[in-house]
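Below: one structure, written as structure tokens.
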Amino acid sequence: MAHFPDARLLFDPEAHAMKELPRAFFLQATASVARHLLGAWLARRFEGNWYGARIVETEAYLGVRDRAAHSWNGRRTARVEPMFRAGGHLYVYFVYGMHHCANVVTRREGCPEAVLLRAAEGPEGTPPKLLSGPGKLCAALGISSAFSGVDLLGKGDVRIFSNGRAPRHTKAGPRIGIDYAGEAREWPLRFYDADSPAVSRRSGA
DNA sequence: CACATGATCGCCT
DNA sequence: GGCGATCATGTGG
């Protein structure tokens with residue numbers, strides 16, 4: 001249960017001329033945020049150093065009207081509470097008794113939508129599949145439920161940076177692992193960088 | 001390549 | 001009490 005980041009993900013946001021994505025970005029429509037998070041860097045500060053990875057796969061979860069979302073039908077429990085906060089907060093949950101999944105909350109306060117971060121690429125030279133899946137992504141960056149609810153903006157230890165570069169080829173398709181969600185299971189709310197080797201379940205391209 | 005399974009436990013009914 | 005926004009490993013073709 002490492003709660004610390006993989007040393008191979010060490011990087012320097014300033015050296016790469018990165019800027020934090022502003023609050024306004026996260027207040028936009030959730031599917032748009034999911035699409036445009038591709039290419040941004042999820043970063044974690046640990047003992048004074050930054051560790052990060054480039055986001056290459058995301059999924060949008062559309063709140064009360066989306067059967068696949070934890071906040072479906074207005075469900076509001078302690079676990080899901082972070083989803084009701086303003087865009088730019090983090091929502092982390094624990095599944096299958098062993099994995100954590102990280103989400104970026106979107107839209108205004110009281111509108112419980114979010115973007116699941118499914119896969120990322122570490123800095124040059126890191127193993128291609130180190131963060132190829134939501135559970136692996138959290139494990140590699142040391143993100144656990146202890147971070148659920150924190151603000152990504154401001155002075156926290158988890159932030160999202162961007163150098164303004166988007167993937168050459170962004171593709172969309174149905175979300176993974178939500179066969180129980182009725183017609184929502186077909187909604188094309190999964191976005192990924194078609195050129196990335198880190199994308200999970202590559203077959204469906 | 002396509003399933004199938006086990007691990008393991010918080011969450012919600 | 002049942003199941004999940006997963007993953008690694010194993011089997012068979």
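For A/Met98, counting side-chain heavy atoms from C-beta on, the closest listed nucleotide (C/dA8, C/dA5, B/dT8) is B/dT8. Closest to the A/Phe94 side chain, of the nucleotides C/dC7, B/dA7, B/dC9, is B/dC9.
Of the possible polar contacts, one joining the A/Arg23 side chain to the A/Gly87 backbone as a donor-acceptor pair under 3.5 Å is found. Between the side chain of A/Ser196 and the backbone N or O of A/Asp193, no donor-acceptor pair lies under 3.5 Å. At distances below 3.5 Å, not a single donor-acceptor pair connects side-chain atoms of A/Arg107 with backbone N or O atoms of A/Glu113. Using a distance-only test at 3.5 Å, with no hydrogens or angles considered, no donor-acceptor pair links the side chain of A/Glu186 to the main chain of A/Glu183.
Contacts of A/Thr77 with the nucleic acid, taken as non-hydrogen atoms under 4.0 Å apart, involve only primed sugar atoms and P, OP1 or OP2. Here A/Leu116 lies in heavy-atom contact (under 4.0 Å) with a base.
Taking atom NZ of residue A/Lys129 and atom P of nucleotide C/dT9, one finds them 10 Å apart after rounding to whole Å. The distance between atom CG of A/Asn73 and atom P of B/dC12, rounded to the nearest whole Å, is 14 Å. Between the P atom of C/dC3 and the CZ atom of A/Arg75 lies a distance of 15 Å, rounded to the nearest Å. The nearest whole Å value for the distance from the NE2 atom in A/His70 to the C1' atom in B/dG10 is 11 Å. Put simply, CH2 on A/Trp72 is 10 Å from P on B/dT13, counting in whole angstrom units. Atom CE in A/Met83 sits roughly 12 Å away from atom P in C/dA5 (whole-Å rounding). Between A/Glu113 atom CD and C/dA5 atom P the separation is 17 Å, expressed in whole Å. Atom C1' of nucleotide C/dT9 and atom NZ of A/Lys136 are separated by 13 Å, given to the nearest angstrom.
In a base pair of the Watson-Crick type (N1 to N3 plus N6-O4 or O6-N4) or a G-U wobble (N1-O2 and O6-N3), with each distance short of 3.5 Å, C/dA8 is matched with B/dT5.
Judged by a 6.0 Å distance limit and a 45° cone about the ring axis, A/Arg175 is positioned over the six-membered ring of A/Tyr61.
Ring stacking is absent between A/Tyr93 and C/dA5, as the pair misses the limits of under 5.5 Å between centres and under 30 degrees between planes.
Residue A/Arg185 places no side-chain N or O under 4.0 Å from the OP1 or OP2 atom of C/dA5. Note on A/Arg79: every side-chain N or O is 4.0 Å or more away from OP1 and OP2 of B/dG10.
Counting atom types as modelled, A/Tyr96 pairs no side-chain N or O with a base atom of B/dA7 as donor and acceptor under 3.5 Å.
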